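A, B, ... follow the sequence lines: proteins, then strands. Residue 1 opens every chain. In this text the structure is predicted, and so the values were computed from the model without any measurement.
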Amino acid sequence: MRLYNTLTRTKEEFKPMVEGHVKMYACGPTVYNYFHLGNARPFVTFDTLRRYLEYRGYDVEFCQNFTDIDDKMINRANEEGVTVKDIADRFIKEYYVDADGLNCKRPTYQPRATESIDAIIGLVQSLMDKGYAYVIEGDGVYYDVTKFKDYGKLSHYKLEDLVAGGGERKASYEGKKNPGDFAVWKFKKEGEPSWDSPWGEGRPGWHIECSAMIKKYLGDTIDIHGGGQDLIFPHHENEIAQSEAANGCPFANCWVHNAFVNVDGEKMSKSLGNFFTIRDIVKHFPYQVIRFFILSGHYRMPINFSDELLRSAQNGLDRIVTCANNLRFVIGKNSGDGSEDELLLSQIKTAGDEFIKVMDDDLNTADAITVIFNLVRDINTAVASGKVSDDALKAALDKLVELTGVLGIETEAEDDGIPSEIMELVEQRTAAKKNKDYAEADRIRDLITSKGYSVKDTPQGPQVEKL
RNA sequence: GGUGCCAUAGCCAAGCGGUAAGGCCAAGGUCUGCAAAACCUUUAUGCCCCGGUUCAAAUCCGGGUGGCACCUCCA
């Protein structure tokens with residue numbers, strides 16, 4: 001598989017350190033609120049990368065953190081008059097509602113920053129011991145960016161430019177040796193949660209938690225580190241500086257960054273106020289549609305959000321799901337002689353091969369969906385021909401479920417069964433049709449529809465589905 | 001000021017030097033008692049503009065124009 005590596009700015013052949021085993025980390029949410037569509041993109045993207053790697057036979061260790069201590073957490077807690085932990089507990093729970101809804105598999109590890117304080121302090125200690133960090137009295141422990149010779153290698157920013165660029169921006173330099181220095185440990189302020197440390201009571205800086213949790217759960221060097229493009233600088237740059245300085249070895253071999261979700265061409269963000277939470281969107285569109293929408297473009301390209309685009313995604317997804325449902329209905333009732341099996345079987349094979357080919361090329365989910373649409377057309381044509389055996393249709397269904405499954409798309413509605421009341425109506429309608437009493441047949445169909453079910457007449461008999 | 005990304009049909013979108021995938025929408029047709037689902041057909045002699053390289057460019061190079069992002073919490 002080839003992946004675009006932000007570090008080298010090229011697509012590279014992905015080779016994990018240990019054959020068949022992948023260590024992967026993605027920056028998770030700060031749990032102070034419901035997450036929005038822009039936040040959802042990396043969750044879905046890296047879940048899909050993880051699923052695909054597993055599909056290709058890798059054993060994937062996937063770690064995604066919860067940031068449960070920072071300014072936003074503290075502010076929210078103060079606003080509501082509850083503890084920071086209360087906020088964290090609440091929104092981690094809410095996170096799972098949406099993440100599960102989006103069908104993101106639970107990561108192998110999902111640590112909270114506040115449960116990794118020991119690891120954080122250990123890392124800060126290493127930085128102090130090696131002379132990379134210094135204390136600013138009454139403020140915190142800071143990382144000296146000039147001590148790390150590779151600083152800027154991920155973002156490709158030069159230290160001089162960063163300083164120069166500070167022009168109109170009023171960065172607070174007080175006490176810092178360099179404008180780019182950042183806190184790895186912040187000393188306690190009144191009313192803030194804090195932990196003991198060799199330098200005084202306080203809490204971790206933002207960047208240090210990821211470095212620490214990666215070290216703790218995955219090791220000093222990992223294969224893939226992911227996140228949104230806005231994290232490249234300073235967050236990921238600083239993670240590299242901290243981890244490589246402390247551990248003395250490469251931090252992450254491949255850096256994968258997803259592009260943003262835009263609204264009217266502008267980045268969806270909390271600060272612009274143009275964001276839509278998943279919780280709100282799901283009032284209008286199923287989770288599955290949101291996931292499909294996110295995957296319908298390449299992860300490194302911006303996607304625009306609008307109702308119209310979601311609707312378009314929904315219609316497209318329906319085509320795929322309908323195909324699977326039709327297959328499930330027709331298998332077992334079909335009387336095809338198998339004369340067209342060979343064609344369908346070869347189309348299934350092609351779809352599987354193509355799927356891997358496009359996904360191997362930097363996780364091209366947009367092309368992967370195209371492959372699925374092509375398979376859907378082939379299947380529909382085969383079903384309509386009436387010349388395909390059940391075995392071939394079964395193989396087609398299996399492949400369709402397999403490929404959509406790699407994308408985290410489920411084609412199987414939870415089947416509560418069709419109530420007997422509905423089935424009786426369907427039989428009455430069939431009888432009415434037989435007597436050519438079409439008015440009665442249509443009346444019954446309307447009745448069935450009003451009860452939340454649809455009936456389609458097929459060569460194999462009436463197909464009933466929950467709406 | 002520094003650093004990147006993007007521009008393809010009505011909408012979305014892939015394409016990574018070999019002659020424009022796919023989806024949505026729309027129109028026409030086939031099937032159906034009618035529907036639904038499905039299938040077929042139609043929809044960019046052209047990929048922002050101007051140069052250049054090449055037998056060959058949406059794809060590479062140079063220069064424009066327009067948009068976006070990062071350099072500050074941000075997915």
Side-chain angles (χ1 to χ4, degrees), chain A residues 6 9 11 26-30 35-46 70-72 152 155-158 160-172 180 206 226-235 237 257-262 265-272 275 292-293 296-298 300-304 306 308-309 311-320 322-323 325-326 329 354 358 361-362 364-374 376-377 379-385 433 436-439 441-442 445-446 449 454-459 462-463 465:
Chain A
T6 308
R9 291 183 176 171
K11 280 190 210 171
C27 292
T30 301
F35 64 85
H36 62 66
L37 182 61
N39 302 309
R41 190 170 191 190
F43 304 154
V44 168
T45 298
F46 295 110
D70 82 332
D71 291 349
K72 294 189 291 289
S155 59
H156 300 90
Y157 291 160
K158 292 190 174 68
E160 312 88 86
D161 294 338
L162 288 174
V163 180
E168 331 87 67
R169 307 174 198 287
K170 41 176 195 276
S172 58
W206 173 36
Q229 279 175 349
D230 48 359
L231 296 183
I232 294 172
F233 191 91
H235 185 54
E237 193 69 62
H257 292 98
N258 63 275
F260 303 127
V261 176
N262 293 336
E266 278 190 317
K267 176 183 175 180
M268 179 183 291
S269 72
K270 295 250 166 74
S271 44
L272 283 173
F275 63 90
F292 186 77
F293 170 70
S296 65
H298 184 93
R300 283 192 291 114
M301 291 297 160
I303 48 176
N304 216 40
S306 74
E308 187 196 349
L309 294 173
R311 232 174 292 122
S312 172
Q314 168 136 43
N315 290 339
L317 179 58
D318 281 349
R319 179 174 164 78
I320 295 168
T322 299
C323 174
N325 286 338
N326 289 348
F329 175 77
E354 283 292 307
V358 299
D361 186 10
D362 199 26
N364 196 334
T365 54
D367 271 350
I369 287 170
T370 288
V371 169
I372 290 169
F373 275 123
N374 288 337
V376 164
R377 158 153 308 154
I379 291 170
N380 286 336
T381 301
V383 170
S385 80
K433 275 183 64 183
K436 299 213 185 312
D437 186 354
Y438 296 121
D442 289 349
R445 183 168 58 196
D446 288 346
T449 303
S454 71
V455 201
K456 308 194 271 196
D457 295 324
T458 78
Q463 181 177 349
E465 279 171 7

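The separation of B:rA56 from B:rG17, taken at their C1' atoms, amounts to 8 Å, rounded to a whole angstrom. With both ends at atom P, the span from B:rC61 to B:rC16 equals 15 Å, rounded to whole Å.
A donor-acceptor contact shorter than 3.5 Å links the side chain of A:Arg41 to the backbone of A:Phe260. Using modelled atom types, one side-chain atom of A:Asn304 and one backbone atom of A:Gly265 make a donor-acceptor pair closer than 3.5 Å.
Here A:Asn258 lies in heavy-atom contact (under 4.0 Å) with a base. Using a 4.0 Å heavy-atom criterion, one finds that A:Ser454 contacts no nucleic acid atom at all. Contacts of A:Gly227 with the nucleic acid, taken as non-hydrogen atoms under 4.0 Å apart, involve only primed sugar atoms and P, OP1 or OP2. A:Phe233 comes within contact range of the sugar-phosphate backbone alone, with a heavy-atom separation under 4.0 Å but no base atom that close.
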Please list, pair by pair, any protein nitrogen or oxygen found under 3.5 Å from a nitrogen or oxygen in nucleotides 57-62 of chain B.
none

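Side-chain contact annotation: A:His298 with A:Asp367, donor-acceptor N/O pair under 3.5 Å absent. For the residue pair A:Gln229 and A:Asn258, no side-chain donor N or O sits within less than 3.5 Å of a side-chain acceptor on the partner. A:Thr458 and A:Gln463 share no donor-acceptor pair across their side chains, judged by distance under 3.5 Å alone.
The pairing partner recorded for B:rU59 is none, the criterion being a Watson-Crick or G-U wobble arrangement whose two distances lie under 3.5 angstrom. B:rU43: no Watson-Crick or G-U partner with both key distances under 3.5 Å is found in any strand. Of all nucleotides present, none satisfies the Watson-Crick or G-U wobble test against B:rC25 with each distance under 3.5 Å. Nucleotide B:rG1 forms a pair with B:rC71, judged by Watson-Crick or G-U wobble geometry with both contacts under 3.5 Å. Base pairing of B:rC48 is made with B:rG64, judged by Watson-Crick or G-U wobble geometry with both donor-acceptor distances under 3.5 Å. Base pairing of B:rU19: no nucleotide in any strand meets the Watson-Crick or G-U wobble criterion (both distances under 3.5 Å).
Residues A:Asp318 and A:Met268 each lie close to RNA chain B; by heavy-atom proximity, the contact nearer the 5' end of the strand is made by A:Asp318. For the pair A:Arg9 and A:Asp457, both in contact range of RNA chain B, the more 5′-proximal nearest nucleotide belongs to A:Arg9.
To the nearest angstrom, C1' of B:rA75 lies 17 Å from CD of A:Glu266.
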Worksheet, complete the sentence: With sugar-phosphate taken as primed atoms, P, OP1 and OP2 and all else as base, the protein-contact string of nucleotides 14-28 of chain B at under 4.0 Å (heavy atoms; B, S, -) is SSB----BSBSS---
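Set against B:rU3, B:rA69, B:rC34, the side chain of A:Tyr157 has B:rU3 as its closest nucleotide.
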